[in-house]
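Below: the structure, in structure tokens.
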There are 2 protein chains.
Amino acid sequence: MAKETIAGLAKRLGISKASVSYALNGQPGVSELTRRRVLDLAEELEWYPSSSARALSRSRAGAVGMVLSADPLLIGTEPYYMGMLAGIEAALAEGDMALMLRMVGKDPAQERRTYERWAGEGKVDGVLLFDHLHDDPRPALLDRLGLPFVLHGAPEAEWGTPFSGTTTDHAADAATIVEHLHQRGHRRIAHISGPRAFLHEEERIRGVRTSADAHGMEVVPFEADYALDAGHDAVVALVQGPVHRAATAVVFGNDLMSMGGLLALRELGLRCPDDVAVVSWDDSLHCRLASPSVTALFRNPGMQGRVAAELLLALLDTGDIQTRSMPRSELVVRASTAPD
Amino acid sequence: MAKETIAGLAKRLGISKASVSYALNGQPGVSELTRRRVLDLAEELEWYPSSSARALSRSRAGAVGMVLSADPLLIGTEPYYMGMLAGIEAALAEGDMALMLRMVGKDPAQERRTYERWAGEGKVDGVLLFDHLHDDPRPALLDRLGLPFVLHGAPEAEWGTPFSGTTTDHAADAATIVEHLHQRGHRRIAHISGPRAFLHEEERIRGVRTSADAHGMEVVPFEADYALDAGHDAVVALVQGPVHRAATAVVFGNDLMSMGGLLALRELGLRCPDDVAVVSWDDSLHCRLASPSVTALFRNPGMQGRVAAELLLALLDTGDIQTRSMPRSELVVRASTAPD
DNA sequence: AGGGATCACTGAACCGGTTCAGGTCTCACA
DNA sequence: TGTGAGACCTGAACCGGTTCAGTGATCCCT
């Protein structure tokens, strides 16, 4: 069968292409009767308008892009991404937008080139940005390219030009964690964060310190890179360093590092939670399954992804620039911080 | 700045649109000099051809689709999917194809409607198909829709019409697992498979039985659904049932069920591997981190995804229908089957 | 009855590429 | 010198939608 087109439908119904188009898109300019006839015929023929023709004439791709620029190994094991992806996809599907996913290594140039190409080719109408960095070059780049974007996990502080994004109150999350540890009797804790290059890690570090100060607790900060081994090595370094004596709890920046830390504790003959308690800043199945199971902050990645996608849809649709703050995360208390 | 187009480039260079197009696409019909001038100008202007215009005139979307139709919860926790996705994406990017990802629930109608729409809209040039079912309606549907597809994990048996796909020798994998258990002294094993509706599960079940027969071992088959709880409940059912007495090892169809099984064993006061050994048919970080760590079959999801994507690219490019068999999986032996 | 507003509809231009059917020009060969 | 081949290039049609300006017809209001 030859592919149907709008011209074909028009001919069958004895009306013009324009009328068909108006009818299909719910626009005024056609009678209810005509509209029905068009819609019925389209349904009967199982016909859908060509997305590329539409994209061309509307100058709109009907897709949004997302670059995952983390270490591929990390992406594969981080359940956080997949959960977020599901939320994003669900929201986009409702808005009839496709998701263009690109995975590149840690190379920032690759990410930049991807945006340049997407913009040049008109392949996406906007992008979702993650993991905001210090002096992040991406917002300026995207502005220059004319690509609208939503910043997931935007800084609370004000920004040069207004932007759309989700914000998380990392200080509140930090307080939740620290207060829990305080209540469990810990007075000196270690905080193994992700790279400080990420703004949200800075905020977490600050939040932890502030909250600890408020409760008269001491914090040993330690920077790592989210990998399993990083968590492991950090714990080894902490324990073998001079500061160990008093740190009775460790807060890890994500679930993978928590798992690494747990392995290290076991190797070192330290018991969790008796000798050292553990908290993870991300919850996941890993935390649930570990032994001991790990107390973790549930940040609801699916919902976060959904909200970010909805913001982007709104931005593309109406140009509305807005920020939405995420609801406070919940701490899921498990065995790793059980009261001795 | 106004958006550049091919007409703009042509005017700047004083040549025709056609020549620019030929030059850009490496087609004959232009001199080397002209080609260079065009390419240089395009680079200088950071210009890329509009993907939608290209898609329209070539009648090719430049994208392939993939529907993940598993339980969203499962998708999020199954590292297998993410690994495969990374491989697929890498291969597609090399072939300058985009990936269109759609996540729908377990509802087959949703999946069908997605294909119908994609085909009607011309949104994708082909699709990747997973988890082949008994009497799978999808190949016929896609044929009817004129959408080329690659079947990942195709049946070894011959098929009505020829098709492109990857095949896995599940019997060999089964033999690897069973022989390992035999060598460890097990003579009666349980096999907790995924749903029999999946062809590959049938093949695995057959493979396990065949191999067990060959070694004079007994198999207790048990059908479950890949979820964590399913693994848990299956173990409970097995242990409380009349057959338990002699089953000294359990083979799980994926890593999640293995984890569930481990939890159940712990609850039941059974020790692993001393009382019951455990093997997982999928390897992942979960298997590595569990205690005891779980012996698992490493099936290299990244590579599998890459190969499937490459097959699809070849199919779209040259129409080549071919099947590629995956290299034999490797068993990663860990503590859950340690020699007592 | 006349004038303006509204409605239903249409022809044609347009989006930005690709591609086909020629048109020159040059060069080799008979 | 004529002819055929080949290289280089161009105008115009085409892909399949959207959208704008314009045309009749109908209706309402004074």
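Naming: A, B, ... by sequence-line order, numbering from 1 per chain. Please read all numbers here as calculations on a predicted model, not as lab measurements.
Close to D:dG16, at under 4.0 Å from its OP1 or OP2, lies no side-chain N or O of A:Arg54. For D:dC15, the OP1/OP2 oxygens have no side-chain nitrogen or oxygen of A:Ser52 closer than 4.0 Å.
Atom pair A:Gln27:CD and C:dC7:P shows a separation of 15 Å (rounding to whole Å applied). In this structure, CG of B:Asn25 is placed 17 Å from P of C:dG16, rounded to the nearest angstrom. Rounded to an integer number of Å, the gap from CD of A:Glu32 to P of C:dA8 is 9 Å. For B:Glu4 and C:dC15, the CD to P distance is 14 Å, given to the nearest whole Å. Summarising the geometry, the separation between CD1 on B:Ile6 and P on C:dC14 is reported as 18 Å, rounded to the nearest angstrom. Look at CG on A:Leu24: it is 12 Å from C1' on D:dG16, rounded to the nearest Å. Distance, B:Leu33 CG to D:dA7 P: 17 Å, rounded to whole Å. For the pair A:Leu9 CG and D:dT18 C1', the interatomic distance rounds to 15 Å; values are reported in whole Å.
Looking at B:Asp125, its side chain does come within 3.5 Å of a backbone N or O of B:Gly62 through a donor-acceptor pair. Side-chain N or O atoms of B:Glu89 include one that pairs as donor or acceptor with a backbone N or O of A:Met103 at under 3.5 Å. Looking at A:Arg138, its side chain does come within 3.5 Å of a backbone N or O of A:Phe130 through a donor-acceptor pair. Under the 3.5 Å distance criterion, the side-chain polar atoms of B:Ser69 are left unmatched by any main-chain donor or acceptor of B:Gly105.
The ring pair (Phe, Tyr, Trp, His ring centres under 6.0 Å) search around B:His200 returns B:His170, B:Phe198, not counting sequence neighbours.
Each of B:Leu129, B:Ile88, B:Val127 was checked for a side chain to side chain contact (heavy atoms under 4.5 Å, CB included) with B:Met66, and the lone residue meeting it is B:Ile88.
You'll find that the side chain of B:Leu56 is closest to D:dG16, out of D:dG16, C:dT19, D:dC9.
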(request) Would you sort out whether B:Asp143 and B:Phe149 count as a side chain to side chain contact (heavy atoms under 4.5 Å, CB included), showing the intermediate values? (result) CA-CA 9 Å; B:Asp143 269 341; B:Phe149 64 91; 4.0 Å; yes
(message) What verdict does the salt bridge (Lys or Arg N to Asp or Glu O under 4.0 Å) test give for B:Arg144 and A:Glu46, after you've listed the backbone C-alpha separation in whole Å, the side-chain angles of each residue and the deciding distance to 0.1 Å?
(response) CA-CA 12 Å; B:Arg144 180 171 76 76; A:Glu46 285 187 12; 3.7 Å; yes
Report, one pair per line, the protein and nucleotides 10-13 of chain C atoms (nitrogen or oxygen only) whose separation is under 3.5 Å.
residue : atom : partner : partner atom : Å
C:dT10  : OP2  : A:Ser16 : N            : 2.8
C:dT10  : OP2  : A:Ser16 : OG           : 3.0
C:dT10  : OP2  : A:Ser19 : OG           : 2.8

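Taking a 6.0 Å sphere around CZ of A:Arg113, one finds it holds 12 or fewer heavy atoms contributed by other residues, nucleotides or ligands.
Within 4.0 Å (heavy atoms only), A:Ser21 reaches at least one base atom of the nucleic acid.
Axis angle across the helix from C:dA1-D:dT30 to C:dA30-D:dT1, with five pairs used at each end and values rounded to 10°: 50°.
Contacts between residues 43-51 of chain A and DNA chain C, counted as heavy-atom distances below 4.0 Å, involve no residue at all.
Identified under the salt bridge (charged side-chain N to carboxylate O under 4.0 Å, His left out) test for residues 11-25 of chain B, with sequence neighbours left out: B:Glu4-B:Arg12. Residues in residues 302-323 of chain B take part in these salt bridge (charged side-chain N to carboxylate O under 4.0 Å, His left out) pairs, two or more places apart or across chains: B:Glu94-B:Arg306, B:Arg306-B:Glu310, B:Glu310-B:Arg324.
Between A:Leu9 and A:Leu45 there is a side-chain heavy-atom pair separated by less than 4.5 Å.
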